[in-house]
Every structure is written in structure tokens, then in C-alpha cells.
Student: 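Have a look at the structure that comes next, please.
Order of the sequence lines sets the chain letters (A, B, ...), proteins ahead of strands, with each chain counted from 1.
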Amino acid sequence: MTVRIATWNINSVNARLEKLLEWLRSAQPDVLCLQELKSTTDAFPFEAVRELGYETAAHGTGRWNGVAILSKIGLADVVRDLPGQPGYLDPATADEGTLLPAEPEIEPRAVAATCGPVRVWSVYVPNGREVGHAHYAYKLDWLSTLRDAVVADAAGERPFAVLGDFNIAPTDTDVWDVAKFEGATHVTEAERAALADLQAAGLADVFPRPLKYDHPYTYWDYRQLSFPKNYGIRIDLVYGNKPFTEAVSDSYVDREARKGKGTSDHAPVVVDLAL
DNA sequence: ATGCCTCAAACGTTGAGA
């Protein structure tokens with residue numbers, strides 16, 4: 001059988017609903033991993049995607065974050081959150097003192113499911129904000145927990161992949177101008193070491209082909225004509241185990257979905273498998 | 001034209017995104 005799996009940081013599933021439905025109709029993925037729902041689980045448009053044949057495992061709490069898996073080929077063994085997933089404690093909140101115990105918040109950034117012959121995680125890795133920020137330490141901790149969460153499936157016989165917005169450019173070629181990222185997150189050695197740890201666990205970067213230009217960027221800032229100028233970065237990634245990568249027949253970034261008004265700032269990454 | 005940022009919560013402004 002052939003299976004088409006995609007990942008897309010949708011930047012609000014409800015603000016983007018018509019774009020999402022349009023893309024599902026045209027690209028016809030069997031499985032779609034979404035990130036940045038910006039929606040509670042209850043407010044997810046389950047019925048609209050069901051009409052196109054998709055079951056959904058959604059995990060969201062509202063304002064930020066939020067992940068989902070849509071599937072037309074089965075949706076079993078759903079897991080929300082990584083085992084042992086670290087939470088984030090905003091330093092400003094923590095400094096407010098003693099009235100309430102400030103607890104780290106476990107954010108909805110990961111959901112897993114088995115879709116037919118494939119098991120997938122849809123992940124939205126923390127941004128990090130600035131090197132040295134508490135959010136950056138949280139990002140590295142989160143990535144370490146991700147590695148631990150997937151090591152068994154990575155070594156397994158079943159096709160398995162982690163798909164999502166990793167907020168890391170794997171190499172300097174994955175940013176349009178490396179000088180712009182001097183001292184910034186997304187390109188540091190520590191973040192790339194986390195990707196190397198995933199590779200050591202048996203997962204490989206499924207490198208997509210671009211539909212235009214010479215490099216498959218997946219994100220372009222809304223500002224300053226970034227998309228028309230192709231000032232992009234590749235941070236939406238697919239890490240598959242050997243049974244997964246050996247089945248890949250094609251992979252591409254659908255930059256067409258980034259064109260026009262009312263789009264996400266990310267483009268979908270599509271992977272076709274011959275299983 | 002692919003075109004100069006957008007979203008949600010709260011209802012003017014702020015925080016986040018990367």
C-alpha cells in the first residue's frame with residue numbers, strides 16, 4: 001500500500017480551517033500531523049475534517065501550542081504528552097513570590113498514534129526564545145525527553161517517525177542567511193546535538209525536495225517579504241526509523257500552501273511511503 | 001505577482017512566534 005504522511009504547523013487550526021480543508025482535499029494525505037493548533041481540544045473542528053474522512057486525535061489547551069494527528073487509515077493507541085515530559089515555568093511567574101506555588105506547566109506539544117502500518121508522533125518543540133533563556137533550557141530538556149520517549153519505537157520493526165516543528169535548522173544550509181542567526185536559537189550546537197541524539201537512536205532526517213528554488217525551506221516569516229524573497233528556514237522535520245525511511249518513495253515541501261493571504265507561516269512537508 | 005505580520009485572549013494591548 002502507499003501511505004502519504006504530512007506535517008504542518010498550521011498556526012491556528014480555526015483561523016486556518018478553510019485553508020486546511022482545501023489542502024486536505026488537494027493533497028489528500030492519509031495522515032496529517034498538525035502543530036500550533038492555538039485551540040482547545042474541545043474547539044478543534046472535528047466534524048469538518050470528519051466529513052473529509054479523517055479521525056482526529058487533538059491535544060490543545062487554548063492560546064498557544066496544541067498538536068493533533070488526523071488519519072483516514074486508523075487511529076489507535078493515542079498517547080498525549082511524552083512520558084516524563086518536562087513542563088515550563090515562566091521565570092516571571094516564579095518570581096512573583098509566595099502566594100501560590102508556581103508549578104511548571106505541561107504544555108500540549110506532543111501526541112502519538114498508530115495509523116495503519118505506521119506509528120507517528122506529532123511534536124511541537126519549544127522555541128527556546130533566546131540562548132540562555134529559561135525557555136532555551138526547557139527546549140533542550142524537552143528534546144532529551146523526546147529522545148527517551150522514542151528510542152524503543154526507533155529501534156523497532158514497525159515504520160515509525162517523529163514529525164513536526166522542531167524549531168531547529170539541522171545545518172547551516174537550512175537557513176537562508178546564516179549570518180542572520182549569529183548567536184540565535186535554532187542553529188546552536190546544543191540544539192543540533194539533540195538531533196544527533198535522535199539519529200543515534202536510529203532515526204534519520206527525511207530530506208524533502210523543494211518545489212521551487214534549490215533548498216526545501218519550510219518556514220518564512222510573515223514580515224518583510226520573506227516568502228517572495230525566499231528568506232526561509234527548514235525547521236519542520238521528519239525523523240523516521242529504518243523501516244520508515246526505506247519505504248520513502250517521495251518527499252517534498254508544499255510551498256504552494258504558503259502563497260497568498262491567510263496562510264500559515266509554515267508550509268506542509270509531505271512524505272510518501274510504499275509499504 | 002508569492003507582496004511588506006498574525007494569532008488569541010480580551011476588548012486595547014500584550015505576548016508569542018523564530
Student: Listing request: all salt bridge (Lys or Arg N to Asp or Glu O under 4.0 Å) pairs with a residue in residues 166-177 of chain A, at least two apart in sequence or in separate chains.
Tutor: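 Counting only pairs at least two positions apart or across chains, the salt bridge (Lys or Arg N to Asp or Glu O under 4.0 Å) contacts touching residues 166-177 of chain A are A:Asp172-A:Arg192, A:Asp174-A:Arg234, A:Asp177-A:Lys180.
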Student: CZ of A:Arg63 versus P of B:dG17: gap in Å, rounded?
Tutor: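 Between P of B:dG17 and CZ of A:Arg63: 11 Å.
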Student: Roughly how many Å is it from NZ in A:Lys259 to P in B:dA1, rounded to a whole number?
Tutor: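 One finds 12 Å between P of B:dA1 and NZ of A:Lys259, rounded.
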Student: Please confirm whether the shortest side-chain N or O distance from A:His266 to OP1 or OP2 of B:dA18 is below 4.0 Å.
Tutor: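 Looking at the OP1 and OP2 atoms of B:dA18, one of them is under 4.0 Å from a side-chain N or O of A:His266.
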Student: May I ask you to say what A:Phe181 touches in the nucleic acid, namely base, sugar-phosphate or nothing, with a heavy-atom cut-off under 4.0 Å?
Tutor: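 Nothing, no heavy atom under 4.0 Å.
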Student: Within this structure, what is the CD-to-C1' distance between A:Glu130 and B:dA16, rounded to whole angstrom?
Tutor: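 For the pair A:Glu130 CD and B:dA16 C1', the rounded distance is 13 Å.
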Student: Could you check whether A:Tyr217 and A:His215 have their ring centres less than 6.0 Å apart?
Tutor: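 Aromatic pair counts; centres sit under 6.0 Å.
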Student: Might you work through the ring pair (Phe, Tyr, Trp, His ring centres under 6.0 Å) test for A:Tyr88 and A:Tyr138, ending with a clear yes or no?
Tutor: CA-CA 7 Å; A:Tyr88 180 61; A:Tyr138 168 56; 5.0 Å; yes
Student: Taking for each residue the nucleotide of DNA chain B bearing the nearest heavy atom, is the 5' side occupied by A:Lys261 or by A:Ala15?
Tutor: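 Of the two residues, A:Lys261 wins.
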Student: Can you check the distance between B:dC11 and B:dA1, where both ends of the measurement are the P atom (answer in whole Å)?
Tutor: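 Between the two P atoms, the distance is 39 Å.
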Student: What's the CG-C1' distance between A:Leu34 and B:dC7, to the nearest Å?
Tutor: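 Whole-Å distance recorded here is 16 Å.
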Student: Would you please confirm or rule out a distance under 4.0 Å between OP1 or OP2 of B:dC7 and any side-chain N or O of A:Arg16?
Tutor: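 True: A:Arg16 side-chain N/O within range (under 4.0 Å) of B:dC7 OP1/OP2.
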Student: Choosing from B:dA8, B:dA18, B:dG15, which nucleotide comes nearest the side chain of A:Trp64?
Tutor: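 Closest of the options to the side chain of A:Trp64: B:dG15.
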Student: In whole angstroms, how far is the C1' atom of B:dA1 from the NZ atom of A:Lys229?
Tutor: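 About 15 Å, once rounded to whole Å.
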Student: Please state how far atom OH in A:Tyr217 lies from atom P in B:dA18, giving the value in whole angstrom units.
Tutor: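 Nearest whole value for this atom pair: 17 Å.
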Student: So A:Asp165, base contact, sugar-phosphate only, or nothing? Heavy-atom distance under 4.0 Å.
Tutor: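 Here A:Asp165 touches the backbone only, sparing every base.
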Student: Distance check: side-chain N/O of A:Tyr124 vs OP1/OP2 of B:dA18, anything under 4.0 Å?
Tutor: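 So the side chain of A:Tyr124 is within the cut-off, an N or O lying under 4.0 Å from OP1 or OP2 of B:dA18.
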Student: Which one, B:dC7, B:dG17, B:dG3, comes nearest to the side chain of A:Leu225?
Tutor: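 Within the option list, the nearest is B:dG3.
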Student: May I have the distance from A:Glu107 (atom CD) to B:dG17 (atom C1'), rounded to whole angstrom?
Tutor: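 Distance, rounded to whole Å: 13 Å.
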Student: Categorize A:Asn9 for me: base, sugar-phosphate, or nothing, with a 4.0 angstrom heavy-atom threshold over every strand shown.
Tutor: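 Sugar-phosphate, backbone atoms only, no base.
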Student: Calculate the interatomic distance between A:Glu191 atom CD and B:dA18 atom C1'; express it in whole Å.
Tutor: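 These atoms are roughly 11 Å apart.
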Student: Indicate whether OP1 or OP2 belonging to B:dG17 is found under 4.0 Å from a side-chain N or O atom of A:Arg129.
Tutor: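 Yes.
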Student: Does B:dA18 have OP1 or OP2 sitting under 4.0 Å from an N or O in the side chain of A:Thr185?
Tutor: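 For A:Thr185, the contact criterion (side-chain N or O under 4.0 Å from OP1 or OP2 of B:dA18) is not met.
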Student: Specify the residue among A:Arg223 and A:Asn167 whose closest nucleotide of DNA chain B lies further upstream toward the 5′ end.
Tutor: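 Its nearest nucleotide lies further toward 5', so the answer is A:Arg223.
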Student: Rounding to an integer number of angstrom, what distance separates B:dC4 and B:dG15 when you compare their C1' atoms?
Tutor: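 Pairwise C1' distance, B:dC4 against B:dG15, rounds to 22 Å.
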Student: Assess the side chains of A:His59 and A:Asp81: does a donor N or O sit below 3.5 Å from an acceptor N or O?
Tutor: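 A pair is found: one side chain offers a donor N or O, the other an acceptor, under 3.5 Å apart.
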Student: Heavy atoms only, 4.0 Å cut-off, all strands: where does A:Glu36 land among base, sugar-phosphate and nothing?
Tutor: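 Counting heavy atoms under 4.0 Å across all strands, the contact made by A:Glu36 is with sugar-phosphate only.
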Student: Using the P atom as the point on both nucleotides, what is the distance between B:dG3 and B:dG17, in whole Å?
Tutor: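 It comes out at 25 Å once rounded to the nearest Å.
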Student: Would you please name every residue forming a side-chain hydrogen bond (donor to acceptor under 3.5 Å, both in side chains) with A:Trp176, sequence neighbours left out?
Tutor: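 By the side-chain hydrogen bond (donor to acceptor under 3.5 Å, both in side chains) rule, A:Trp176 matches no residue at all.
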Student: Do A:Arg255's NZ or CZ and the ring of A:Trp220 fall within the cation-pi criteria of under 6.0 Å and 45°?
Tutor: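 Yes.
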Student: Considering just the side-chain nitrogens and oxygens of A:Asn11, establish if one lies under 4.0 Å of OP1 or OP2 belonging to B:dA16.
Tutor: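 No, no such contact exists.
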Student: I want to check one thing: is the phosphate of B:dA18, taken as OP1 and OP2, less than 4.0 Å away from some side-chain N or O of A:Asn127?
Tutor: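 Answer is yes, contact under 4.0 Å.
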